[in-house]
Each structure stands twice: as structure tokens, then as C-alpha cells.
**Q** 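Got a structure for you, questions after.
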Amino acid sequence: MNLEILITQSQKNLSEMDLDILTYVVKHQKEVQNANIIALANAVHVSKSSVLRMTKKLGFSGYTEFKYFLKQSNYDDKKAQTTDLLALQEKDIESTYQYLKAINFDPLCEKIFEAKAIFFFGTGYAPQLQLQEFCKSLSLVGKRVIFVPTKAELDYVMLTMSKQDLFLIASLSGETENLKENFAWMNAAKVPICTITAFSANYMSALAQYAYHYYLTPFYVGTHHFTHKSYVALDLVLDRIYREYLIFLSL
């Protein structure tokens with residue numbers, strides 16, 4: 001397990017100050033691994049006790065154990081980078097599948113069933129393609145689905161949304177800056193939000209009533225010098241939600 005996943009799992013218990021500290025840690029993991037608690041506290045302008053409380057909220061006995069976790073997860077990440085491509089695919093799928101097995105999808109299925117309309121939005125080309133297929137699947141079982149292809153159209157169509165609808169978004173980081181105003185408006189209007197993002201602490205998941213995650217391990221294609229991201233685990237999440245909804249309908 002890496003730090004981003006741990007933050008995601010503990011996010012409901014973390015304060016804004018905790019998240020500020022952890023944002024710094026995520027960006028400076030190597031430095032924090034070799035820094036004492038006072039140095040970290042000074043770097044983020046908080047007290048030593050604030051850092052200590054944050055580590056305990058994550059489940060550690062103290063700062064020393066937290067630093068050991070950072071070093072170990074960094075070693076695991078480096079090890080994963082040397083794994084063959086098929087093993088990386090298997091790891092992402094299996095980790096996502098094990099995560100999904102622990103999720104109770106009944107609240108989301110109830111909302112999908114009750115929603116007058118479901119609005120879909122993807123940040124990026126690949127999430128958009130997979131959401132389009134998910135849209136088609138739900139339309140086949142009688143749901144009114146609206147796929148929103150661009151940010152400009154989202155700005156317009158969100159004004160028609162209400163608490164009787166559902167907004168479902170698929171993203172990699174969950175940190176798309178230019179969507180923050182949209183999320184703020186939807187929260188103010190009490191529009192239910194469902195997010196599906198890669199494992200990380202992100203504002204989209206924090207503001208959503210239904211937040212789900214998938215594993216994605218980028219890998220470098222040396223022959224053509226680019227980093228590839230496979231969204232096969234995102235498709236697994238969408239397919240699981242659809243199957244869970246079909247089971248819900250049969251009850």
C-alpha cells in the first residue's frame with residue numbers, strides 16, 4: 001500500500017490541516033523520509049503535535065512508524081516499476097477487484113434507481129469512452145442518461161440538475177482544477193455526486209456522496225519514450241456497478 005491509497009481510505013477522518021500536511025508529504029516524500037518531526041512541522045507551518053495527530057489518524061503509533069512506512073512504500077513502488085507489463089496489469093485488476101468486493105453498492109444502486117436523470121462526465125479521452133459505454137448499458141434498462149462531452153456544456157447543463165438527479169464523473173486524479181466551481185455549485189444545489197477516480201486523496205472524492213476508486217499503475221514505454229496509462233481497472237469498476245444494479249433490479 002502506498003501513501004495515496006492510505007490517505008484515501010482515511011480521508012473521512014482527516015481535517016483540512018491534516019490534508020495540507022499530507023499534500024506536502026506526497027510532494028516531498030524523499031525529504032520527509034529523512035526529516036524529523038520538527039523539520040516537517042516547520043516546513044508546513046504547523047505544530048509538532050499536529051503532525052503527530054495526523055500520523056495517528058492514519059493508523060500509525062507515531063512519526064517514526066510513519067517514516068518507516070514511507071521508506072517501505074517507496075521501495076515497493078521502485079520494485080513495481082521493474083515488474084513485467086502483464087504483472088502490472090494483473091496487479092491493477094486484482095487490487096481493484098479485491099477493493100470492489102468490500103464495497104456495499106446498495107446506496108448507489110438505490111440512487112440510480114430513483115434518479116430522474118443521470119449526467120455523465122469524463123475528464124480525459126479514455127474515461128469519456130468508457131463512460132459512453134456505461135451510459136448505453138444503463139439506457140437499456142430504462143434510465144434517462146445524459147452524456148456531457150465538454151466543460152462548456154457541463155457549465156450549461158448543470159443548471160438543470162436537481163437533488164433528484166445524479167452526476168457521475170470518471171477521472172484519473174480527481175483534481176481537475178477547472179471543475180471546482182462546478183462541484184461547489186452542485187453541492188450548494190444538493191445534486192448527488194458519484195466519483196470514480198484512481199486511488200488518491202482528491203477534492204472530487206471528498207465532495208462526493210458516492211466515491212469509488214480503481215488502481216492504475218502507469219508504465220514507461222522506452223521504445224517510443226512516453227508513459228502509458230491503462231484504464232482497464234476503471235472499466236472493471238463501471239462494469240461492477242452495472243452488474244450490481246442489475247442484481248438490485250432483480251430483488
Side-chain angles (χ1 to χ4, degrees), residues 89-90 92-174 176 178-179 182-183 185-186 189-199 202 204-205 207-216 228-251:
Q89 182 192 60
E90 183 178 341
D92 283 346
I93 293 173
E94 179 61 23
S95 296
T96 302
Y97 178 71
Q98 292 302 323
Y99 159 76
L100 293 174
K101 285 175 64 178
I103 299 298
N104 176 16
F105 286 94
D106 286 347
L108 176 62
C109 289
E110 290 176 7
K111 185 57 195 176
I112 291 174
F113 180 76
E114 295 170 356
K116 287 190 173 181
I118 305 174
F119 296 82
F120 295 84
F121 187 82
T123 62
Y125 181 69
Q128 284 184 349
L129 285 179
Q130 289 171 314
L131 276 182
Q132 285 177 340
E133 291 303 312
F134 187 46
C135 270
K136 293 176 184 176
S137 297
L138 285 180
S139 69
L140 291 174
V141 291
K143 294 309 302 180
R144 179 173 177 242
V145 297
I146 301 169
F147 181 79
V148 185
T150 67
K151 169 68 164 60
E153 291 184 58
L154 177 61
D155 292 342
Y156 172 76
V157 80
M158 77 174 183
L159 300 178
T160 69
M161 298 180 191
S162 75
K163 61 183 179 181
Q164 295 177 313
D165 300 316
L166 175 65
F167 176 69
L168 189 150
I169 182 170
S171 174
L172 173 58
S173 68
T176 306
N178 67 354
L179 292 177
N182 300 87
F183 270 74
W185 187 94
M186 289 182 207
K190 301 188 183 304
V191 176
I193 298 173
C194 175
T195 60
I196 306 173
T197 67
F199 268 100
N202 60 80
M204 290 185 184
S205 297
L207 295 175
Q209 289 72 42
Y210 313 93
Y212 303 97
H213 303 280
Y214 58 93
Y215 286 79
L216 186 152
H228 180 76
K229 299 180 180 70
S230 170
Y231 289 86
V232 62
L234 168 59
D235 191 48
L236 179 61
V237 176
L238 294 172
D239 185 67
R240 180 59 174 259
I241 293 173
Y242 179 62
R243 290 169 188 260
E244 291 280 357
Y245 184 63
L246 293 181
I247 294 169
F248 175 84
L249 291 178
S250 69
L251 296 180

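The residues of the chain are indexed from 1 along the displayed sequence. Just so you know, these numbers come straight off a predicted model, no measurement behind them.
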**Q** For Pro192 and Ser162, which heavy atoms make the closest approach, and how far apart are they?
**A** CD-O, 4.0 Å
**Q** Within a strict 4.5 Å, meaning less than it, do heavy atoms of the Val232 and Thr96 side chains meet?
**A** no
**Q** Indicate the atoms forming the closest heavy-atom contact of His213 with Ser205, along with that distance.
**A** CE1-OG, 3.3 Å
**Q** Can you name the closest pair of heavy atoms from Gly174 and Thr197 and give their distance?
**A** CA-CG2, 3.9 Å
**Q** Among Ile196, Asp92, Leu236, whose side chain to side chain contact (heavy atoms under 4.5 Å, CB included) with Tyr214 holds?
**A** Ile196
**Q** Would Phe248 and Phe105 count as a close aromatic pair, with their ring centres under 6.0 Å?
**A** no
**Q** Counting only heavy atoms not in Lys163 (residues, nucleotides, ligands), do more than 12 fall under 6.0 Å from its NZ?
**A** no
**Q** Which heavy atom of Val145 sits nearest to which heavy atom of Ser139, and what is that distance?
**A** CG2-CB, 3.9 Å
**Q** Measuring from atom CZ of Phe167 to atom CE of Met158, what distance do you get when rounded to the nearest 0.5 angstrom?
**A** 9.5 Å
**Q** Between Asn202 and Ser173, what is the shortest heavy-atom contact and its length?
**A** CB-O, 3.2 Å
**Q** Can you list everything that forms a salt bridge (charged side-chain N to carboxylate O under 4.0 Å, His left out) with Arg144? Sequence neighbours excluded, please.
**A** none
**Q** Going by heavy atoms in the side chains, are Leu154 and Leu179 under 4.5 Å from each other?
**A** yes
**Q** Donor-acceptor check, side chain of Lys143 to backbone of Ile112, threshold 3.5 angstrom: yes or no?
**A** yes
**Q** Could you tell me whether a side-chain N or O of Gln130 sits under 3.5 Å from a main-chain N or O of Leu234, the two making a donor and an acceptor?
**A** no
**Q** Holding to side-chain hydrogen bond (donor to acceptor under 3.5 Å, both in side chains), I want the full list of residues that pass it with Asp235, two or more places apart in sequence or in another chain.
**A** none
**Q** Output the distance between atom NZ (Lys111) and atom CG (Asp165), rounded to the nearest 0.5 Å.
**A** 7.5 Å
**Q** Please say whether more than 12 non-hydrogen atoms of neighbouring residues, nucleotides or ligands are located less than 6.0 Å from OH in Tyr97.
**A** no
**Q** Got a sec, which residues hit side-chain hydrogen bond (donor to acceptor under 3.5 Å, both in side chains) with Glu94, two or more places apart in sequence or on another chain?
**A** Gln98
**Q** For the atom pair SG (Cys135) and CG (Leu140), what is the distance rounded to the nearest 0.5 Å?
**A** 11.0 Å
**Q** Side chains of Phe134 and Ile118, heavy atoms from C-beta outward: is any pair under 4.5 Å?
**A** no
**Q** Side chain to side chain contact (heavy atoms under 4.5 Å, CB included), that's the test. Do Leu108 and Tyr212 meet it? Break it down for me.
**A** CA-CA 10 Å; Leu108 176 62; Tyr212 303 97; 3.3 Å; yes
**Q** Look up atom CG in Asp155 and atom OG1 in Thr150, then write down how far apart they are to the nearest 0.5 Å.
**A** 8.0 Å
**Q** Side-chain contact, heavy-atom cut-off 4.5 Å: Leu207 with Thr195?
**A** no
**Q** Without swapping roles, check the side chain of Glu153 against the backbone of Val148 for a donor-acceptor pair under 3.5 Å.
**A** no
**Q** Look up atom CD in Gln132 and atom CZ in Phe120, then write down how far apart they are to the nearest 0.5 Å.
**A** 11.0 Å
**Q** If we only count heavy atoms from C-beta on, is the Phe183 to Ile169 side-chain gap below 4.5 Å?
**A** yes
**Q** For the OG atom of Ser137 and the OH atom of Tyr245, what is their distance to the nearest 0.5 Å?
**A** 12.5 Å
**Q** Testing the basics here: between Pro127 and Ala170, what is the closest heavy-atom pair and its distance to 0.1 Å?
**A** CB-O, 3.9 Å
**Q** Please confirm whether Tyr215 and Tyr99 have ring centers closer than 6.0 angstrom.
**A** no
**Q** Find out whether Phe119 and Thr160 are in side-chain contact, i.e. whether some heavy atom of one side chain is under 4.5 Å from a heavy atom of the other.
**A** yes
**Q** Is any side-chain heavy atom of Ser171 closer than 4.5 Å to a side-chain heavy atom of Met204?
**A** yes
